[in-house]
Amino acid sequence: MTDVATLHAAFAGHIAAALDALEAAGTLPHGLNRANVAVEPPRDPAHGDLATNAAMVLAKPAGTNPRALAEALVAELTKLPEVTSADIAGPGFINLRIDRSAWLTELRAIAALAGDYGRSTMGGGKMVNVEYVSANPTGPMHMGHCRGAVVGDALATLLEFAGHRVTREYYVNDAGGQVDVLARSVHLRYREALGEAVGEVHEGLYPGDYLVPVAQELAAEFGDKYVAAPESEWLVTFRARAVAAMLVMIRADLALLGIHHDLFSSEAELQAAGKPEQAEQWLRAHDLVYDGQLEAPKGKTIEDWEPVELPLFRSTRFGDDQDRPIKKSDGSWTYFGADLAYHFQKAETADALVDIWGADHAGTVKRIKAAVAALTAGSGKEKPFEIKIVQMVQLLRNGEPVKMSKRSGNFVTLADVVQEVGKDVVRFTMLTRKPEAQMDFDFAKVVEANKDNPVFYVQYAHARIRSTLRKGAEAGFAPSDAALERLGEEELELIKLGAQFPRLIEAAAAAREPHRVAFYLYDLAGALHAYWNVGNDRPEKRFIVAQDAQLTGARLYLAAQIGQLIKNGLALLGVEAVEEM
RNA sequence: GCGCCCGUAGCUCAGCUGGAUAGAGCGCGAGACUUCUAAUCUUGAGGUCGCAGGUUCGACCCCUGCCGGGCGCGCCA
């Protein structure tokens, strides 16, 4: 990475330096928390290029009033050569105007940093573990998994770009009852592969045809050895083979979306290593697990409910409505029991944990966070642990809900959707809504080629730029920073919007919200299109002005940098920046 | 019954961790364009930020209580 400071980083530094100066002069006490000091463009551009709330945030802890502090800050900031004016507004905002040469310098910074423009050291190399997808290995990926997969993957990329070291992890639930059902389902298909007429697949088993290939392999390898054998003889083998086959399929499905995990962690291995026992032991020693009776579930009546004594985690202490079992009555671990040990294990190597979960698991957030917080605190390795919930996606076709039949296992697969609308459309669309809000995904709308469609709009902006650069090259014009001073106010506005990219990256990463990148790109594309449209009626406002090579060079240089920004942003979302459409 | 999420323009949604006069697209009104700088453009109207309190210099944002919608609530995963 080239050593070029972006305007955003430079001004964060300038404000900090000004505050340091005030501390040295005794105007400001030492050691104030500056975490809430922000430097950002004011909402109303008429107020200036940059604004800081430093005086308002620090006035109270400093025991002074905002305007007095602001005046002292302004005195420092006006010393900077690139600051043309610094005014105090409202309750104590400081509005700065930046010399246009600084914006042109920023444009050169984009060119110099290219794919690294916007990259941040904010994360300080901290190891963040992002766990996402983690679908049960019992079948292909379907649309229910899609949103979490895309959000998790984009978040992981974003965090990397913001200076974290990231592990993309998939937790494989290969130890529960569902993988036994999988093994039995494959056994049925195995008998079928050997010529037996198995008829309708039993209700409790997985009916999907995707089990046929692995069953055929087993048939070819073992012949009829296990046809009549008791389950105990084949279950372990069939289960292992089936899970392995399902994971191959799941990886292939995820690859269609450009998603590749670094680590697949096995629940069965975790249990074999005795991790849940260790966790239980500690929790018991600290009175967080006890043997008790589970209450009957609320809100519905269960006829055969019988209280039994189980090891329970005291989740009621943490806001849950009842204590939760970590083991079943047969002595095996519940999902929760294994999961808390799993997260504890992850916390041993990572500096922070982020899980992406579907809304159907939202009810279990409190208990797992409480258990993990207790375990990590107990070992002196308390780690931030966030769980991001992604809400349901309703599939529509021309406004009508897409029917899904659960009975036959006839769900809409991720592969089908990617095949129909393409990877880029799926990924971008999943990111044009904050994850905690429900969303509609209309097959008809997401592929429309018009400005209502954000995917198209952003990709088109990039293609337009690339096409312009090609046309310019054909006519003998190359982007050049030799005469950037020829750029006018309209161009400057575009640069100012572009210069927000580094700040946006840090804010989005800190909030763990990759969708902000998508919305920013939509804004940037809109600004580019608007600028372009002026040239429709006024040829002298086009990027290529044949009789003015100097101006054309400067405008193409601007175009190239905006294109670079869009490309960088799309890369974070895992969407291709196309050359033409 | 309980928990979590959502509620912002007619519709679909943003709103940068509490900042300045709450934004965009669609739709609607008015005008322009008949085109490869193509897959439209310009402009206007449109708001009790679900409701009611509270916290403070300041609230769409935080707290409490309601209302409406979604998801979930067995030792399943």
Side-chain angles (χ1 to χ4, degrees), chain A residues 35-36 38 40-44 46-47 51 53 56-57 59-60 65-66 89-93 95 134-136 138 173 175-179 267 294-300 302 304-306 308 310-312 319-322 324-339 358-366 389-392 394 432-440 442 445 448-454 456-457 460 464 467-468 471 500 503-504 506-508 510-511 513 515-516 518-520 522-523 526 529-530 532-537 539 541-544 581:
Chain A
N36 291 325
E40 56 193 24
R43 292 215 174 135
D44 186 347
H47 290 139
N53 61 355
M56 286 187 294
V57 173
K60 189 180 271 184
N65 78 70
F93 282 102
N95 291 326
S134 299
N136 285 335
T138 55
N173 301 128
Q178 80 284 356
V179 284
E267 181 185 3
L294 200 60
E295 297 169 39
K298 308 279 193 317
K300 55 175 165 179
I302 291 159
D304 60 348
W305 178 260
E306 281 177 31
V308 263
L310 293 166
L312 301 179
D320 208 346
D321 54 352
Q322 57 177 271
R324 303 290 172 171
I326 61 169
K327 272 185 181 173
K328 305 178 206 172
S329 52
D330 68 1
S332 64
W333 296 99
T334 63
Y335 182 85
F336 172 57
D339 206 30
D360 50 346
H361 290 128
T364 67
V365 168
K366 272 183 186 170
I389 299 295
V390 299
Q391 287 292 329
M392 300 286 136
Q394 188 181 20
T432 46
R433 178 77 94 259
K434 57 185 172 191
E436 64 271 26
Q438 292 162 242
M439 80 182 284
D440 293 340
D442 193 315
K445 280 189 181 166
E448 284 177 5
N450 59 37
K451 65 173 301 193
D452 314 355
N453 184 352
F456 167 81
Y457 199 59
Y460 183 36
R464 216 168 209 185
S467 144
T468 304
K471 270 191 76 174
Q500 292 185 34
R503 211 189 115 256
L504 171 97
E506 295 191 346
E513 290 183 345
H515 74 276
R516 290 192 199 183
F519 281 98
Y520 170 78
Y522 184 72
D523 282 348
H529 288 307
W532 176 278
N533 286 326
V534 176
N536 250 334
D537 296 332
K541 291 288 187 183
R542 296 183 179 184
F543 281 102
I544 298 169
M581 308 190 70

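The sequence lines fix the lettering, A, B, ..., with proteins before strands; numbering per chain opens at 1.
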For this session: Identify whether any heavy atom of A:E436 sits under 4.0 Å from a base atom; if not, whether one sits that close to sugar-phosphate; answer base, sugar-phosphate or nothing.
Result: sugar-phosphate
For this session: Could you go through the side chain to side chain contact (heavy atoms under 4.5 Å, CB included) check for A:T468 and A:W532 one step at a time?
Result: CA-CA 11 Å; A:T468 304; A:W532 176 278; 3.1 Å; yes
For this session: Please state how far atom OH in A:Y520 lies from atom P in B:G15, giving the value in whole angstrom units.
Result: 16 Å
For this session: Describe the nucleic acid contact of A:M56 in one word from base, sugar-phosphate, nothing, applying a heavy-atom distance below 4.0 Å.
Result: base
Exercise. Which heavy-atom pair separates A:I389 from A:A362 by the least distance, and what is that distance?
Worked result: CD1-CA, 3.9 Å
Exercise. Please give, in whole Å, the distance from B:C6 P to A:R433 CZ?
Worked result: 13 Å
For this session: Look at the side-chain N and O atoms of A:W532 and state whether any lies under 4.0 Å from the OP1 or OP2 oxygen of B:A38.
Result: yes
Exercise. Does a distance-only test, which skips hydrogens and angles, find a donor-acceptor pair under 3.5 Å between the side chain of A:N536 and the base of B:A38?
Worked result: no
For this session: Describe the nucleic acid contact of A:F519 in one word from base, sugar-phosphate, nothing, applying a heavy-atom distance below 4.0 Å.
Result: sugar-phosphate
Exercise. To the nearest angstrom, how far is A:N450 atom CG from B:G25 atom C1'?
Worked result: 10 Å
Problem set entry | Distance, rounded to the nearest Å, where A:D442 contributes CG and B:U12 contributes P | 13 Å
Exercise. A:N53 near the nucleic acid: base, sugar-phosphate alone, or nothing, with a heavy-atom cut-off under 4.0 Å?
Worked result: nothing
For this session: Report which part of the nucleic acid A:N453 touches: base, sugar-phosphate, or nothing (heavy-atom distance under 4.0 Å, all strands).
Result: nothing
For this session: Output yes when A:E513 and A:K434 qualify as a salt bridge under the 4.0 Å nitrogen-oxygen rule, no when they do not.
Result: no
For this session: Looking at every strand, decide which applies to A:A51 at a 4.0 Å heavy-atom threshold: base, sugar-phosphate, or nothing.
Result: base
For this session: Just call it for A:T334: base, sugar-phosphate, or nothing, with non-hydrogen atoms closer than 4.0 Å on any strand.
Result: sugar-phosphate
Problem set entry | Minimum-distance nucleotide (side-chain atoms of A:D321 versus B:C2, B:C75, B:A14) | B:C2
Problem set entry | Under 3.5 Å donor-acceptor, A:D440 side chain and A:D442 backbone | no
Problem set entry | Whether A:Y460 and A:F456 hold their rings parallel, tilted or perpendicular, with breakpoints at 30° and 60° | parallel
Exercise. How is A:P91 classified with respect to the nucleic acid when contacts are heavy atoms under 4.0 Å: base, sugar-phosphate, or nothing?
Worked result: base
For this session: Give a yes/no on whether any side-chain N or O of A:K328 is located under 4.0 angstrom from OP1 or OP2 of B:A77.
Result: yes
Problem set entry | Whole-angstrom distance between B:U8 and B:C61, as gauged at atom C1' | 12 Å
Problem set entry | Whole-Å gap separating P (B:G69) and CD (A:Q391) | 16 Å
Exercise. How far does the C1' atom of B:C11 sit from the matching atom of B:G46, given to the nearest Å?
Worked result: 13 Å
Problem set entry | Rounded distance (Å) that lies between atom P of B:G23 and atom CZ of A:R516 | 18 Å
Exercise. Which part of the nucleic acid, if any, lies within reach of A:A507 when heavy atoms closer than 4.0 Å are counted: base, sugar-phosphate only, or nothing?
Worked result: sugar-phosphate
For this session: Compare every heavy atom of A:P454 with every heavy atom of A:T432, then report the nearest pair and how far apart it is.
Result: CG2-CB, 4.2 Å
Problem set entry | N or O in side chain of A:K434 less than 4.0 angstrom from B:G7 OP1/OP2 | yes
Exercise. Between A:N173 (side chain) and A:N136 (backbone), is there a donor-acceptor pair under 3.5 Å?
Worked result: no
Exercise. Which value, in whole Å, describes the distance between the P atoms of nucleotides B:C57 and B:C75?
Worked result: 48 Å
For this session: Could you work out the separation of B:G25 and B:U21 based on their P atoms and round it to a whole Å?
Result: 23 Å
Seminar exercise, completed: Symbol by symbol from the 5' end, with Watson-Crick or G-U pairs under 3.5 Å, [ ] crossing and | another strand, RNA chain B is (((((((..((((.....[...)))).(((((.......))))).....(((((..]....))))))))))))....
For this session: Please check the phosphate of B:G3 (OP1 and OP2 only) for any side-chain N or O of A:K366 closer than 4.0 Å.
Result: no
Exercise. In whole angstrom, what separates A:Q500's CD from B:A14's C1'?
Worked result: 14 Å
For this session: Could you give the distance separating B:C49 and B:C60 at their P atoms, to the nearest angstrom?
Result: 8 Å
Exercise. Base, sugar-phosphate, or nothing for A:R464, non-hydrogen atoms under 4.0 angstrom?
Worked result: sugar-phosphate
Seminar exercise, completed: Of A:M581 and A:L504, the one whose closest nucleotide on RNA chain B sits nearer the 5' end is A:L504
Exercise. Are the ring of A:H361 and the base ring of B:G72 both nearer than 5.5 Å at their centres and tilted by less than 30°?
Worked result: no
Exercise. Which part of the nucleic acid does A:A511 contact within heavy-atom distance under 4.0 Å: base, sugar-phosphate only, or nothing?
Worked result: base
Exercise. Checking all strands, does A:G535 fall into the base, sugar-phosphate, or nothing category for heavy-atom contacts under 4.0 angstrom?
Worked result: nothing
Exercise. A:P42 and A:A51: which non-hydrogen atoms are nearest, and at how many Å?
Worked result: CD-N, 4.0 Å
Exercise. Taking the same atom, P, in B:U55 and in B:U64, what whole-Å distance lies between them?
Worked result: 15 Å
Problem set entry | Nearest-Å distance once atom P is located in both B:G10 and B:C6 | 22 Å
For this session: Would you please confirm or rule out a distance under 4.0 Å between OP1 or OP2 of B:C41 and any side-chain N or O of A:K451?
Result: yes
For this session: Select from A:A530 and A:P42 the residue whose nearest nucleotide in RNA chain B is closer to the 5' end of that strand.
Result: A:P42
For this session: Assign A:Y522 to base, sugar-phosphate, or nothing according to its heavy-atom contacts below 4.0 angstrom with the strands shown.
Result: sugar-phosphate
Problem set entry | A:N533 side chain to A:H529 backbone, donor-acceptor under 3.5 Å | yes
For this session: Identify the two heavy atoms, one from A:L310 and one from A:K328, that lie closest to each other, and give their separation to 0.1 Å.
Result: CD2-C, 3.6 Å
For this session: Could you work out the separation of B:A22 and B:C13 based on their P atoms and round it to a whole Å?
Result: 23 Å
Problem set entry | Donor-acceptor pair (no angle test) under 3.5 Å: A:R503 side chain, B:C16 base | yes
Problem set entry | Non-hydrogen atoms of A:K366 and A:G319 that approach each other most closely | NZ-O, 3.4 Å
Problem set entry | Candidates B:C75, B:A77, B:G70 - which lies nearest the side chain of A:Q178 | B:A77
Exercise. How long is the line joining OH of A:Y460 and P of B:A39, in whole Å?
Worked result: 5 Å
For this session: Could you check whether A:K327 gets within reach of a base, just the sugar-phosphate, or nothing at all, counting any heavy atom under 4.0 Å?
Result: nothing
